[in-house]
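In what follows, every chain begins at residue 1, and chains take the letters A, B, ... in the order their sequences are listed. Hydrogens, waters and symmetry mates play no part in the numbers below; they use all other heavy atoms, side chains included. Note that the structure is predicted; figures quoted are calculated from it, not measured.
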There are 2 protein chains.
Amino acid sequence: MDDAKPLSISRQSLQRMPIYLENLKKLRAAGKSHVSAAFLAGELGLHPVQVRKDLAAVSSVDGNPRIGFALAGLIEDMEDFLGCNNANEAVVVGVGNLGRALLSYKNFAGYGLSIIAGFDSDPAVAGTTVHGKEIFSASRITELCGRFGVHIGIITTPASSAQEVCDAMLLGGIKAIWNFAPLHLNIPDDIIITNENLAASFAALSGRLRQQRDAPKL
Amino acid sequence: MDDAKPLSISRQSLQRMPIYLENLKKLRAAGKSHVSAAFLAGELGLHPVQVRKDLAAVSSVDGNPRIGFALAGLIEDMEDFLGCNNANEAVVVGVGNLGRALLSYKNFAGYGLSIIAGFDSDPAVAGTTVHGKEIFSASRITELCGRFGVHIGIITTPASSAQEVCDAMLLGGIKAIWNFAPLHLNIPDDIIITNENLAASFAALSGRLRQQRDAPKL
DNA sequence: TAGATTGTTAATCGATTAACAATC
DNA sequence: TAGATTGTTAATCGATTAACAATC
């Protein structure tokens, strides 16, 4: 009766978890054995109570008044929580600069994440390898997603072909999509999606800068 | 007295603006002259009232009951709002795959955004050009940011050098940072920052997938 | 006119923060 | 013990959604 965890965790919390994990590992590497929520909060510029709540949501043991959380256990719990030991695999469609960047990105491994293959419609690209991973023809998306048994698909194609790619992925059994193409994809309700519109992020940042500059004062 | 706009707009709204803009342009290209908030909402999977509020926040004229908003005016207002005509310039430090991807990204232009130069500490990279843009030695960040008069800096270096790069940028007059390095940067309060942790996003997506799968049912 | 669509005011929802008693 | 740190309950805050009167 003491493993009763909240059934679901807020999206924002989830987003923060990998960041905690990274920091926890860094502390462990520095030889620490315990960490307090307050310390972590200071390190990351977050609110202490927020950190405490987040940690409590994943930790299998209670924190220790006076000394905080045992690092080792906390790291293990968080890795379990994030499924770091589950070898979460994905494929990426669209092997342009961005697709290449993702295929070569080293930080994924630390979370048990890996992109196992790529697809591209350009016959000059299909058949090559990037960072040791094979690139297949885009016509084989459905077939190979099914065969590989992957459930996460990454879309880094131009907007014009993204919906088509997405449909092919879904047919192949993809359940979660990380979409970098700047458009709204039509998908069934039970498919999970994260949209990563780089131009929109950039524009929003520049908009905030303007807003601050134009503000009378603070 | 009819240009009284809310002084500030929510971060989330701001994030949506570029998406509206993109869609509005598409509608214009399709020959439409007016659009209703309800239609846009349907198109983008958002709540109609939310869209209405967002549009009202930037539109200089009221929407028209019965027919909606005039596309032309709305596009113009939104471009003004986002500063699309202001040629917002940025530099990127770290010309690896990701830096290259951003330097070559075509969608920025539509929002008046451009990355005008890159920096890299690798002497083999400094001195080259990417997508027609010069890459300079990382030792010249402070000097050239100042000389170019740019206010937005993009960090795509490894985490280990990101803080150093950030400091150099701030000295060079950078006011807003788009950070892709997976770490928490220490910056003064008046500097605007957007953190774009790719591994964290990926991990969070995979976490949501797990959570859905593990859920008893819905 | 009738009906679609608007803008606005109030209610809801969800996440963050504050307050505080409990504990090593 | 005293004090740092915890977990929990209540207050705040901000964004989204609902309700509805106003308008072309």
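A:R66 has its CZ atom 13 Å from the C1' atom of D:dT6, to the nearest Å. One interatomic measurement links the two molecules: CG of B:L55 to P of D:dT16, which rounds to 14 Å at whole-angstrom precision. As rounded to whole Å, 21 Å separates atom P of D:dA2 from atom CD1 of A:I67. Protein atom CZ of B:F39 is 18 Å distant from nucleotide atom C1' of C:dT6, rounded to whole Å. Computed from coordinates, the A:L46 CG to C:dA15 P distance equals 16 Å when rounded to whole Å. The distance between atom CG of B:L40 and atom C1' of C:dT6, rounded to the nearest whole Å, is 14 Å. In this entry the distance linking CG of A:L14 with P of C:dT16 reads 12 Å, nearest Å. Nucleotide C:dA15 holds its C1' atom 11 Å from the CG atom of A:D54, rounded to whole Å.
A close approach under 4.0 Å does occur between a side-chain nitrogen or oxygen of B:H47 and OP1 or OP2 of D:dA18. Between B:R16 and D:dT16, a side-chain N or O to OP1/OP2 separation shorter than 4.0 Å is present. Contact between the side-chain N/O atoms of B:H34 and the OP1/OP2 oxygens of C:dT5 is not found at any separation under 4.0 Å. The phosphate of C:dA4 (OP1 or OP2) has no side-chain N or O of B:R52 nearer than 4.0 angstrom.
Of all nucleotides present, only D:dC13 satisfies the Watson-Crick or G-U wobble test against C:dG14, with each distance under 3.5 Å. When both pairing distances are held under 3.5 Å, D:dC20 makes a Watson-Crick or G-U pair with C:dG7.
Tested against B:N179, the residues B:I154, B:N197, B:T194, B:N195 include a single side chain to side chain contact (heavy atoms under 4.5 Å, CB included) partner, B:N195.
Closest approach to the A:S10 side chain among C:dA15, C:dT6, C:dA19 is made by C:dA15 (side chain taken as heavy atoms from C-beta onward). Listed candidates were C:dT8, C:dG7, D:dT5. Nearest to the side chain of B:D62 is C:dG7. Closest to the side chain of B:Q50, out of C:dT5, C:dT23, D:dT17, is D:dT17. Distance from the side chain of A:V49 is smallest for D:dT8 among the nucleotides D:dT8, C:dA4, D:dT5.
Residue-environment remark: CD (A:Q50) exceeds the threshold of 12 foreign heavy atoms within 6.0 Å. Environment of CD in A:Q15: crowded, with over 12 heavy atoms of neighbouring residues, nucleotides or ligands closer than 6.0 Å. In this structure, A:K53 places its NZ atom where only 12 or fewer heavy-atom neighbours from other residues, nucleotides or ligands lie under 6.0 Å away.
Here the side chain of B:T156 pairs a donor or acceptor atom with the backbone of B:V93 at under 3.5 angstrom.
The residue A:F69 sits close only to the backbone: its heavy atoms come under 4.0 Å of sugar-phosphate atoms, none of a base.
Ring planes of A:F108 and B:F202: perpendicular class, angle over 60° (limits at 30 and 60°).
Residue B:N64 is the one, among B:N64 and A:R11, whose nearest nucleotide of DNA chain C lies closer to the 5' end (criterion: closest heavy atom). A residue-by-residue look at B:A38 and A:Q12 shows that B:A38 has its nearest nucleotide of DNA chain C further toward the 5' end.
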